Engineer: 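The structure's right below; bear with me while I get my questions together.
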Number of protein chains: 2
Amino acid sequence: MAGDTRSRLLEGALETVRTHGIAGASARSIAAAAGVNQALVFYHFGSVDELLAEAVRHGAQQRVLVYRDRFDSITSLRELLDLGWSLHADERAAGNLAVLAQMLAGAQADPRLRTATAAGLGLWVAEIEAVLHRILGSTQIADFVDIGGLARAIATAFIGLELYDGVDTDGAGRAMSALEQLATLATMLEDASPLAGKTARYLGRCEGR
Amino acid sequence: MAGDTRSRLLEGALETVRTHGIAGASARSIAAAAGVNQALVFYHFGSVDELLAEAVRHGAQQRVLVYRDRFDSITSLRELLDLGWSLHADERAAGNLAVLAQMLAGAQADPRLRTATAAGLGLWVAEIEAVLHRILGSTQIADFVDIGGLARAIATAFIGLELYDGVDTDGAGRAMSALEQLATLATMLEDASPLAGKTARYLGRCEGR
DNA sequence: GTCTATAGTCGGATAGAC
DNA sequence: GTCTATCCGACTATAGAC
């Protein structure tokens with residue numbers, strides 16, 4: 001926990017939310033985690049909510065930057081999956097997705113956290129969306145599925161899994177395995193271009209609904 | 001808000017978590033919502049946590065029962081999807097999934113809420129799993145994907161979507177549309193049995209990983 | 001079972017010395 | 001910028017009258 005007071009408080013806020021949840025993130029507990037005086041929360045950020053809002057932005061920015069290169073190098077659904085699981089494992093250990101999940105829960109009842117939380121999640125969504133566009137943009141899938149929507153679905157599924165992991169680790173593991181199996185199936189369909197072509201033509205005939 | 005004090009408190013707890021979030025669910029606010037004296041929380045449940053734990057069980061049981069018949073009548077993936085969206089809309093309005101999401105967030109930092117929350121979510125998972133077994137059990141999908149895991153993935157995805165909906169309604173809508181499109185695609189693959197057969201044989205050759 | 005009253009704790013926020 | 005000291009409200013939980 002180094003740096004000037006401002007960044008110490010930002011880091012302290014993230015650590016406190018991680019370990020005590022959004023409900024346990026008070027000015028006092030955050031200041032203790034940051035190793036600074038409690039009054040400085042209000043001097044630097046005005047209120048606890050403001051601090052939390054800035055912290056979630058800060059944290060998401062920081063983490064997305066760590067993975068930027070790896071996102072950029074992805075060229076297939078298979079690689080995206082592999083990154084997804086290793087990212088999930090990393091962030092599970094580091095607890096950054098947990099912070100986002102906690103903020104998401106807190107934001108439901110507190111409008112002041114909404115925009116900041118949406119922005120933090122938006123950073124992850126943007127990365128996923130860019131990758132999906134690159135690897136699916138030229139396939140038929142892009143014609144039938146909104147890629148931006150898909151990116152949002154993937155990001156939120158990660159959030160749900162993260163929360164579930166906290167109350168039932170075995171169950172979350174099974175869920176991830178099932179998604180892995182399902183996604184592997186999709187990857188193979190993608191590779192087997194004749195099938196993809198057939199599917200696309202089939203869909204073309206059924207666009208009624 | 002009728003009935004005896006005990007059930008008034010259970011209902012009041014659900015309503016309070018719904019409207020004020022888990023962080024705002026104090027003995028006082030719950031008692032106010034229930035229209036009873038604050039001290040009765042401790043007389044009947046011992047502590048706020050205990051009340052919340054019982055409330056989430058109570059709420060999940062109640063809601064699952066409402067949908068029981070509809071779950072039982074499902075015979076295809078298409079019907080499961082339709083129920084999924086209408087259920088999501090219902091529960092979004094009634095706010096019961098929101099309660100589960102809040103409890104899930106609160107349980108991360110509070111071990112006493114963990115088992116109760118896991119049990120509440122488990123009721124939903126069990127319903128989904130039963131349906132999936134019925135409609136997928138005889139297909140090749142069951143050979144490649146853990147149905148129980150899939151049910152857990154679906155349930156948690158709903159939770160993630162619910163939380164996301166609270167901070168970005170448009171984004172959540174796009175995510176749901178994308179899933180709809182993707183699932184429609186899957187339904188059609190299911191209908192087009194020749195393709196499914198081919199896929200299965202293809203998978204059989206690739207089971208290495 | 002239900003009420004009032006209250007002890008004791010913790011939290012947000014500010015004033016003012018340094 | 002940082003600290004101490006403090007106000008005040010909200011909270012959990014209990015004691016005791018009814």
Side-chain angles (χ1 to χ4, degrees), chain A residues 1-56 58 102-103 105-114 116, chain B residues 1-56 58 102-103 105-114 116:
Chain A
M1 194 70 65
D4 58 352
T5 300
R6 233 189 112 83
S7 30
R8 286 166 72 108
L9 278 172
L10 289 172
E11 294 296 327
L14 291 176
E15 191 184 318
T16 306
V17 171
R18 246 188 314 261
T19 52
H20 299 358
I22 186 84
S26 67
R28 287 170 152 86
S29 59
I30 291 172
V36 306
N37 189 280
Q38 171 259 149
L40 294 175
V41 167
F42 304 96
Y43 176 78
H44 285 285
F45 297 93
S47 74
V48 176
D49 283 328
E50 278 300 312
L51 168 52
L52 288 175
E54 288 222 30
V56 73
H58 171 73
Q102 287 292 321
M103 295 289 297
Q108 308 291 317
D110 186 345
R112 284 171 298 186
L113 292 181
R114 276 216 257 281
Chain B
M1 195 70 63
D4 59 351
T5 300
R6 231 189 113 84
S7 31
R8 285 166 72 107
L9 279 171
L10 288 172
E11 294 296 326
L14 292 176
E15 191 184 319
T16 306
V17 171
R18 245 188 316 259
T19 52
H20 300 341
I22 186 85
S26 66
R28 285 167 149 84
S29 58
I30 291 172
V36 305
N37 190 281
Q38 170 259 150
L40 295 176
V41 167
F42 303 96
Y43 176 78
H44 285 285
F45 296 94
S47 73
V48 176
D49 283 328
E50 277 301 312
L51 168 53
L52 288 175
E54 290 223 28
V56 74
H58 172 73
Q102 288 292 320
M103 295 289 297
Q108 307 291 315
D110 186 346
R112 284 171 296 186
L113 293 180
R114 275 215 257 279

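Naming convention: chains lettered A, B, ... in sequence-line order (proteins, then strands); numbering from 1 in each chain. Nothing here was measured: the structure is a model prediction, and the numbers come from that model. Atom set for the values below is all heavy atoms of this structure, side chains included, hydrogens, waters and symmetry mates excluded.
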Engineer: Tell me, please, which residues at least two apart from A/R6 pass salt bridge (Lys or Arg N to Asp or Glu O under 4.0 Å).
Structural biologist: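 If we apply the salt bridge (Lys or Arg N to Asp or Glu O under 4.0 Å) test to A/R6, skipping adjacent residues, the hits are A/E54.
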Engineer: Whole-Å distance between C/dG1 C1' and B/L9 CG?
Structural biologist: 12 Å
Engineer: Please state how far atom CZ in A/R8 lies from atom P in D/dG1, giving the value in whole angstrom units.
Structural biologist: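 The distance from CZ of A/R8 to P of D/dG1 comes to 15 Å, rounded to the nearest Å.
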Engineer: Can you tell me which residue pairs pass the salt bridge (charged side-chain N to carboxylate O under 4.0 Å, His left out) test with a partner in residues 17-28 of chain A, sequence neighbours excluded?
Structural biologist: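 As it turns out, there is no salt bridge (charged side-chain N to carboxylate O under 4.0 Å, His left out) pair with a partner in residues 17-28 of chain A once direct neighbours are skipped.
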Engineer: Distance check, rounded to the nearest 0.5 Å: A/Q102 atom CD versus A/L113 atom CG?
Structural biologist: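 A/Q102 atom CD to A/L113 atom CG measures 12.0 Å (nearest 0.5 Å).
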Engineer: Using atom CG of A/N37 as one end and atom C1' of D/dG1 as the other, report the distance to the nearest whole Å.
Structural biologist: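 Rounding to the nearest Å, CG of A/N37 and C1' of D/dG1 are 11 Å apart.
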Engineer: Using a 3.5 Å cut-off and no angle test, enumerate the donor-acceptor pairs between side-chain atoms of residues 19-27 of chain A and protein atoms at least two apart in sequence or in another chain.
Structural biologist:
from  : atom 1 : to    : atom 2 : distance (Å)
A/T19 : OG1    : A/E15 : O      : 2.9
A/T19 : OG1    : A/T16 : O      : 3.4
A/S26 : OG     : A/S29 : N      : 3.1
A/S26 : OG     : A/S29 : OG     : 3.1

Engineer: For residues 43-51 of chain B, tabulate all N or O donor-acceptor pairs below 3.5 Å that involve a side-chain atom, not counting sequence neighbours.
Structural biologist:
from  : atom 1 : to     : atom 2 : distance (Å)
B/S47 : OG     : B/E50  : N      : 3.2
B/D49 : OD2    : B/R112 : NH2    : 2.9

Engineer: So, is A/T5 close to the D/dT2 phosphate, meaning a side-chain N or O under 4.0 Å from OP1 or OP2?
Structural biologist: yes
Engineer: Side chain to side chain contact (heavy atoms under 4.5 Å, CB included) with A/A55: which residues, sequence neighbours excluded?
Structural biologist: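 Applying side chain to side chain contact (heavy atoms under 4.5 Å, CB included) to A/A55 gives A/L10, A/A13, A/L14.
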Engineer: Along nucleotides 12-18 of chain C, 5' to 3', which nucleotides get a B, which get an S, and which get a -, given that the test is a protein heavy-atom distance under 4.0 Å?
Structural biologist: BBB----
